[in-house]
Amino acid sequence: MEGLVLQMCLGNGFSGALAIPAAVYMLQEQEVHAAQMEQTFIAIKPDGVQRGLISEIVSRFERKGFKLVAIKVVVPSKEFAQKHYHDLKERPFFNGLCDFLSSGPVIAMVWEGEGVIKYGRKLIGATDPQKSEPGTIRGDLAVVVGRNIIHGSDGPETAKDEINLWFKPEDLVSYSSNAEKWIYGE
């Protein structure tokens, strides 16, 4: 009898024996996938825009598999820059930082994906480009800390606050990318 059961399982590719556990596993994976999707705010600063690095930076996020859900070009006012960097208000470089952010066009973006906040920060590299690893955006493209070409949210609450500061809810586009099944599975 044991041989018959084994042969039946082997004969039709384990589908009968494993179909239910596989379906449960796939549903669990989909639930985990849905729970881990997050959004982050990324800005290409005026130096990155002026140096023509927009497509290079966008392509790195796209190649990783993250999805762009909002983008715009804006020249922030100094007051807006102060709101953006409010957490650095007591730092000696605050005014210079706000002057710099408001000195020219900024590409403001919202990216979506599993782990996009944490991995986005890795992709960007250390604040000081000279301490950034090769292969990171700052490690490859920036030289000094005062001109480090990109900003990225450093955590979930910051991401939420920055997205709400730079974008209205209706500015964010919700869509399914054809690449998602190849990135996350079905």
Engineer: Measuring from atom CD1 of I54 to atom CD of E56, what distance do you get when rounded to the nearest 0.5 angstrom?
Structural biologist: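 Output value for this atom pair is 12.0 Å.
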Engineer: Looking at L123, I107, L53, I137, which one forms a side chain to side chain contact (heavy atoms under 4.5 Å, CB included) with I150?
Structural biologist: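 It is I137, the one option of L123, I107, L53, I137 that forms the side chain to side chain contact (heavy atoms under 4.5 Å, CB included) with I150.
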Engineer: Where is the tightest heavy-atom contact between A159 and I117, given as atom of each residue plus distance?
Structural biologist: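 Closest heavy-atom pair between A159 and I117: CB-CD1, 3.9 Å.
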Engineer: For the aromatic rings, using the six-membered ring if either is Trp, is the centroid distance between F66 and W111 under 6.0 Å?
Structural biologist: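 Ring centroids of F66 and W111 are no less than 6.0 Å from each other.
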Engineer: Taking the basic N atoms (NZ, or NE/NH1/NH2) and the acidic carboxylate oxygens, is any pair closer than 4.0 Å for K78 and D99?
Structural biologist: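 Salt bridge between K78 and D99, a charged N being under 4.0 Å from a carboxylate O: yes.
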Engineer: Nearest heavy-atom pair of P105 and Q50: which atoms, and what distance?
Structural biologist: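 Smallest interatomic distance, heavy atoms only, reads CD-NE2, 3.7 Å.
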Engineer: Enter the distance from L141:CG to I149:CD1 here, rounded to the nearest 0.5 Å.
Structural biologist: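 With rounding to 0.5 Å, CG (L141) is 4.5 Å from CD1 (I149).
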Engineer: Is there a continuous path of hydrophobic side-chain contacts, each under 4.5 Å between heavy atoms, that joins L101 to L88?
Structural biologist: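 Yes; tracing contacts between hydrophobic side chains, which count when under 4.5 Å, links both residues.
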Engineer: Does the pair V58 and M109 meet the rule for a side chain to side chain contact (heavy atoms under 4.5 Å, CB included), with working shown?
Structural biologist: CA-CA 9 Å; V58 168; M109 301 174 283; 3.9 Å; yes
Engineer: Measuring from I163:CD1 to L172:CG, what's the distance to the nearest 0.5 Å?
Structural biologist: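 Nearest 0.5 Å value for the CD1-CG distance: 6.5 Å.
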Engineer: Heavy-atom distance under 4.5 Å between the side chains of S102 and S77, does that happen here?
Structural biologist: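 Heavy-atom side-chain distance check fails, nothing below 4.5 Å.
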Engineer: Heavy atoms, side chains only, cut-off 4.5 Å: are V75 and V106 in contact?
Structural biologist: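 Result no, sub-4.5 Å side-chain heavy-atom pair not found.
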Engineer: Yes or no on side chain to side chain contact (heavy atoms under 4.5 Å, CB included) for V110 and W166, after CA distance, side-chain angles and deciding distance?
Structural biologist: CA-CA 9 Å; V110 179; W166 288 80; over 6 Å; no
Engineer: Would you call R60 and D140 a salt bridge, taking side-chain N to carboxylate O under 4.0 Å as the test?
Structural biologist: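 Yes, this pair counts.
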Engineer: For the side chain of T158 and the backbone of D154, is there at least one donor-acceptor N/O pair under 3.5 Å apart?
Structural biologist: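 Looks like no, no N/O pair under 3.5 Å.
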Engineer: To the nearest 0.5 Å, how far apart are CD in Q82 and CZ in F94?
Structural biologist: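 Taking CD in Q82 and CZ in F94, the distance rounds to 4.5 Å.
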Engineer: Check whether any side-chain heavy atom of V145 lies under 4.5 Å from a side-chain heavy atom of Q130, and answer yes or no.
Structural biologist: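 Side-chain contact under 4.5 Å: no.
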Engineer: Tell me if the NZ atom of K118 is crowded by more than 12 foreign heavy atoms within 6.0 Å.
Structural biologist: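 No, NZ of K118 has 12 or fewer neighbouring heavy atoms, counting only those of other groups under 6.0 Å.
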Engineer: Testing the basics here: between Y184 and G113, what is the closest heavy-atom pair and its distance to 0.1 Å?
Structural biologist: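 In this case the closest contact between Y184 and G113 is OH-CA, 3.3 Å.
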Engineer: Could you tell me if the side chain of H84 sits less than 4.5 Å from the side chain of E162, heavy atoms only?
Structural biologist: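 Counting from C-beta outward, E162 and H84 do come under 4.5 Å.
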Engineer: In this structure, would F167 and V73 fall into the same cluster of hydrophobic residues linked by side-chain contacts under 4.5 Å?
Structural biologist: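 No, no single cluster joins them.
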Engineer: For residues T127 and N148, determine if any side-chain heavy atom of one lies less than 4.5 Å from a side-chain heavy atom of the other.
Structural biologist: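 T127 reaches N148 side chain to side chain.
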Engineer: Same cluster for V49 and V143 if Ile/Leu/Val/Met/Phe/Trp/Tyr side chains link at under 4.5 Å?
Structural biologist: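 In one cluster: no.
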Engineer: Rounded to the nearest 0.5 Å, what separates atom OG in S132 from atom NZ in K122?
Structural biologist: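 Output value for this atom pair is 14.0 Å.
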Engineer: Supply the atom-to-atom distance F41 CZ to H151 NE2, rounded to the nearest 0.5 angstrom.
Structural biologist: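 The NE2 atom of H151 is 6.0 Å from CZ of F41, to the nearest 0.5 Å.
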Engineer: Do the side chains of S153 and T40 get nearer than 4.5 Å, heavy atoms only?
Structural biologist: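 Of all side-chain heavy-atom pairs linking S153 with T40, at least one is under 4.5 Å.
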Engineer: Taking the side chain as C-beta and beyond, is there a heavy-atom pair between E112 and M37 under 4.5 Å?
Structural biologist: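 They are in contact (side-chain heavy atoms under 4.5 Å apart), so the answer is yes.
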Engineer: Considering only heavy atoms from C-beta outward, does the side chain of R138 approach that of D128 to under 4.5 Å?
Structural biologist: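 No. Closest side-chain heavy atoms not under 4.5 Å.
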Engineer: Might you point out which heavy atoms bring I42 and G152 nearest each other, and give the distance in Å?
Structural biologist: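 Heavy-atom minimum between the residues: CD1-CA, 3.7 Å.
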Engineer: Cation-pi between K45 and F100: NZ/CZ under 6.0 Å from ring centre and within 45° of the ring axis?
Structural biologist: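 Here K45 fails the 6.0 Å and 45° test against F100.
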